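Structure, as structure tokens:
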Amino acid sequence: MSILKNDNTLFNSTLDLERSSTDSQENGGPRAVGDGKQPLGEDNLNRSLSVRQINMITIAGVIGTGLFLGTGVSLSRGGPGALLICYTIIGIMVYFTMLSLGEMATQYPVSGSFTTYAKRFGSDSLGFAILSNYWLNDALSVASDLTALQLLLSYWTDFHYWVVALIFWFFLLFLNVFHVRFYGEAEYLLALLKVIAIIIFFIISIVVNAGHNIEHKYIGFSNWGVGDAPFVNGFRGFAKVFVTAAYAYGGTESITMTAGEQKNPTRTMPKIVRTVFWRILIFYILTVFFIGMNIPYNYENLNKKSIITSPFTIMFKLVGAKGGADFMNAVIITSVISAGNHALYAGSRLAYNLGTQGYAPKILTKVNRWKTPYIAVIFTWFFGGLGFGSSFIGAGELWNWLQAIIGLSNLISWWVIGIISIRFRQGLKFQGREGELLFPNWTYPWGPWFVVIFGTFIIFVQGWSTLSPFSANDFFQSYLELAIFPLCYIAWFVWTRCKDKFVKVQDMDFESDLYYETPEDQELNAHLDSLTGLLKFKYVMYENFT
């Protein structure tokens, strides 16, 4: 009895320490050890995203349209073999990218993440190019998710579903323009729903494959031998899947955008990166594995310009549960809304950084009394609405265009992160500061170099199928983004009268925005490290679910 009492006392003391750390940061308390005067740049956002919210957003917050709809498109284009291999390759690339990014974001947890590091460890022009490119990515992602919402609603009715999408467009604004807790709580609940939905999908997939389906027969890997499967259209089909896979994984890197609004980021950020491997394996690789096993690549309506059916919904049809299919379609709709919510959050923080770094008018840096950059939120929200308004050309056709643009934009972003990571390490080595790293990337140098070299290959081959026979529409759909990024770089280079140069390794700034743990953070972290057994389990449950 006394042991249990002591356990509860220790657990309660841990919660008190956490609340003390939270109060210090939310009330503008010191964020540096000692005198608290360490410069932190122009980052003036509210560190109110809790570990519970960050953990759930990390696990499933950015899973959305790409996984629930894009996997069906990928299956129809490349077959089950290409689907599994391409998603695995892109997953490895994303994992290496996140290790590189996590190393920098733990050291310098600022809003803007790698877009800020591109300027600091690269050049002004590179910083502007990747920042404007990634802001456009997120703004178009808002449009993409609203467009996907129309496609999902068409599963039930021919009603003017754009009206419903318009309502949710305003709902996204509400979630993001007020205190960051609104965003955090909404994402927590929606992400939790996604996790539950994917677990149910796994169970149903096993049941369907074992023979409990509408045809009452064991499936096994028989769909890998249907028609041209497992590799449809040869290398052309294989190349097509890369960009849809990149679209599906997109947003993984954007979780570091929350670094400027995290509590205790030096502890939270490494935890975020460590979960990426398991998230890729469980939520992406296992999902495409089950989809390829149970659904033939030539399934009706899997990929049409007028309607795109989710493999998740199809799986419930195969098991004979019409009501279940309706339920899953509704869950996917909430997931798409969640993805749009996250895209608007990340995009608004990028617009905020366009202002703080001198690339755009300072009005974008205005914050309200909750320290939310409301002008940047409204600006990104409005631009995303303009993109969504283009769906008059056909929601399915627009979604294909947005998927291609965003997918290639994600590949370019990962490529830039690899470049920045290499330069970051070169600067640290030259200045003799590698030993200061709080979360070293264990894959350096081969990890970042893999991202750069293989990323270059994928960027150029993903539109291979548009060249023969040549299709102007498909070609520009595949490579439009490849022109936007260098044009942004050149534009800023010309704006600086061609005087912009890459910062030399000896001149790199490793002091500004360096996060120093508060005394409360240090005390809390030391206490958490000491927890074992039941106490550790109790705290983990509290941290993630209360």
Side-chain angles (χ1 to χ4, degrees), residues 58 60 62-102 114 134 137 141 144 198 230-233 235-256 273 275-292 311 339 402-419 421 443 446-465 478-479 481-482:
T58 300
V62 296
I63 294 174
T65 315
L67 185 66
F68 290 112
L69 286 180
T71 45
V73 176
S74 298
L75 178 62
S76 67
R77 289 177 174 177
L83 178 71
L84 182 60
I85 293 174
C86 287
Y87 269 72
T88 301
I89 292 174
I90 295 295
I92 293 171
M93 183 177 172
V94 169
Y95 179 58
F96 288 166
T97 300
M98 285 301 295
L99 285 172
S100 298
L101 184 54
F114 61 92
Y134 206 66
N137 179 316
S141 292
S144 173
I198 291 175
F231 300 103
V232 179
N233 297 323
F235 182 75
R236 294 159 59 86
F238 200 89
K240 277 185 176 182
V241 178
F242 275 127
V243 73
T244 53
Y247 175 75
Y249 279 105
T252 305
E253 71 292 332
S254 67
I255 191 64
T256 60
V273 176
T275 64
V276 168
F277 173 82
W278 297 108
R279 178 154 61 91
I280 289 172
L281 179 63
I282 296 173
F283 293 118
Y284 287 94
I285 307 303
L286 273 182
T287 294
V288 298
F289 174 74
F290 283 127
I291 289 173
L402 292 174
Q403 180 185 222
I405 293 171
I406 296 168
L408 186 53
S409 175
N410 290 332
L411 287 167
I412 292 173
S413 297
W414 301 334
W415 182 84
V416 170
I417 291 171
I419 294 290
S421 175
T443 68
W446 54 268
W449 277 112
F450 173 84
V451 172
V452 171
I453 296 172
F454 194 73
T456 302
F457 170 75
I458 296 177
I459 286 170
F460 284 103
V461 306
Q462 50 86 26
W464 180 274
S465 62
S478 297
Y479 289 109
E481 175 60 25
L482 192 57

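In this chain, residues are counted from 1 in sequence order. Predicted, not measured: the structure shown is a model, and the values here were computed from it.
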So OG1 of Thr88 and CD1 of Ile285: to nearest 0.5 Å the spacing works out to 3.5 Å
Here the gap from Thr456 atom OG1 to Ile412 atom CD1, rounded to the nearest 0.5 Å, amounts to 10.5 Å
Contacts of Val94 meeting side chain to side chain contact (heavy atoms under 4.5 Å, CB included) (sequence neighbours excluded), chain-then-number -> Ile90, Met98, Tyr249, Thr252, Ile280, Trp414
Walk me through whether Arg77 and Leu83 qualify under side chain to side chain contact (heavy atoms under 4.5 Å, CB included).
CA-CA 9 Å; Arg77 289 177 174 177; Leu83 178 71; over 6 Å; no
Gly66 and Tyr87 have their tightest heavy-atom pair at O-OH, 4.3 Å
inquiry  = Quiz question: by atom type and distance under 3.5 Å, do the side chains of Thr71 and Tyr284 form a donor-acceptor pair?
reply    = no
Applying ring-ring contact (aromatic ring centres under 6.0 Å, His included) to Phe231 and not counting sequence neighbours gives none
Identify all side-chain donor-acceptor contacts of residues 236-245 below 3.5 Å with residues at least two apart in sequence or on another chain.
from	atom 1	to	atom 2	distance (Å)
Arg236	NH1	Ser468	O	2.3
Arg236	NH2	Ser465	O	3.4
Arg236	NH2	Ser468	O	3.2
Thr244	OG1	Ser74	OG	2.5
Thr244	OG1	Val241	O	2.8

Heavy-atom closest pair (Pro311 atom, Ile291 atom, distance to 0.1 Å) is CB-CD1, 3.7 Å
Shortest non-hydrogen pair, Phe283 vs Leu67, comes out as O-CD2, 3.5 Å
Distance col, row Ile459:CD1 vs Ser478:OG, nearest 0.5 angstrom, shows 13.5 Å
Applying side-chain hydrogen bond (donor to acceptor under 3.5 Å, both in side chains) to Thr287 and not counting sequence neighbours gives none
Between side-chain atoms of residues 402-410 and protein atoms elsewhere (two or more places apart, or another chain), which donor-acceptor pairs fall under 3.5 Å?
from	atom 1	to	atom 2	distance (Å)
Ser409	OG	Asn133	ND2	3.2
Ser409	OG	Asn137	ND2	2.9
Asn410	OD1	Asn137	ND2	2.9
Asn410	ND2	Ala246	O	3.0
Asn410	ND2	Ile406	O	3.3

How about CZ on Phe460, more than 12 heavy atoms from neighbouring residues, nucleotides or ligands closer than 6.0 Å, or not? no
Across all chains, not counting sequence neighbours, the side chain to side chain contact (heavy atoms under 4.5 Å, CB included) partners of Tyr479 are Gln462, Thr466, Phe475, Leu482
Applying ring-ring contact (aromatic ring centres under 6.0 Å, His included) to Phe450 and not counting sequence neighbours gives Phe96, Phe454
* To do: Could you give me the CA-CA distance, side-chain angles and deciding distance for Leu281 and Trp278, then say whether side chain to side chain contact (heavy atoms under 4.5 Å, CB included) is met?
  => CA-CA 5 Å; Leu281 179 63; Trp278 297 108; 3.9 Å; yes
Those residues at least two apart in sequence (or on a different chain) that pass side chain to side chain contact (heavy atoms under 4.5 Å, CB included) with Pro448 are Ser100, Ser421, Ile422, Asn441, Thr443, Tyr444
The reported gap from CD1 in Ile92 to OG1 in Thr97 (rounded to nearest 0.5 angstrom) is 11.5 Å
